[in-house]
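What's counted below: heavy atoms across the whole structure, side chains too, no hydrogens, waters or symmetry copies.
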Amino acid sequence: LEADSGRVGTDLLAQKPKPTLNPQLVPFGAQGPAPHASPAWEVRHHQEPAVSVIIPVGPEHSELLVDALDSLIAQTCPSWEAIVVFDNSKPLPSHIYPWARFMYSSGGIIPPYEPKGAGAARNVGIHAARAPLLLFLDADDVLRPQAIEKMLAEYAAHGGYIYCDL
């Protein structure tokens, strides 16, 4: 159905039943009443993340970054922050992922004149991190949905360094 005016569009929307929304997936700005007779939508914040996920992006990896960032959104544990450090001059537009912090290996928002290497990019991410724990993720890596949850559980149980290769 198409509408050729605002009035017709409003009438068409009023005719459609509103879907039942999943409060675990729906952002705070979603339409509809809050779930469970709550006065407001539950909104997660990332003020105090448990894990800073640092993703260096090399010259040929900008296009692969999308999958790495999408795998963060799919995490069952929401207590993380994403820091993307470009070691190239081809950044992904930051408005696509407004919840991630984007910077360059030069340490700021100005592109570097030449790549400094993944190690330098990781160091910039470390200095920007707010969480007490770090997770280094390459731009061509994808996390399974329970990865951060399981790594945090192992860290809580045993401490030390948690390393996985899957």
### Query
Nearest 0.5 Å, what's the CZ-OG distance between Arg144 and Ser71?
11.5 Å
### Message
Which residues pass the side chain to side chain contact (heavy atoms under 4.5 Å, CB included) test with Asp67, not counting sequence neighbours?
### Response
Val142
### Task
Without swapping roles, check the side chain of Asn88 against the backbone of Gly58 for a donor-acceptor pair under 3.5 Å.
yes
### Summary
Sorted by chain and number, sequence neighbours left out, side chain to side chain contact (heavy atoms under 4.5 Å, CB included) with Ser52 holds for Glu81, Ile83, Ala129, Ala131, Leu134
### Note: Asp138-Arg122 ion pair, threshold 4.0 Å (strictly below)
yes
### Query
Between atom CD1 of Ile55 and atom CG of Leu64, what is the distance when rounded to the nearest 0.5 Å?
11.5 Å
### Query
Could you state the interatomic distance from CG (Asp70) to CG (Leu143), rounded to the nearest 0.5 Å?
11.5 Å
### Query
How far does CD1 of Ile54 sit from CD1 of Ile126, to the nearest 0.5 angstrom?
5.0 Å
### Message
Between Asp87 and Lys116 (side chain of the first, backbone of the second, donor and acceptor by atom type, cut-off under 3.5 Å), is there such a pair?
### Response
yes
### Task
Can you label the angle between the Trp99 ring and the Trp80 ring as parallel, tilted or perpendicular, going by 30° and 60°?
perpendicular
#### Entry: Contacts of Ala50 that satisfy side chain to side chain contact (heavy atoms under 4.5 Å, CB included) - sequence neighbours left out
Ser79, Leu152
### Task
Kindly work out whether a path of hydrophobic side-chain contacts (I/L/V/M/F/W/Y, heavy atoms less than 4.5 Å apart) joins Ile162 to Val51.
yes
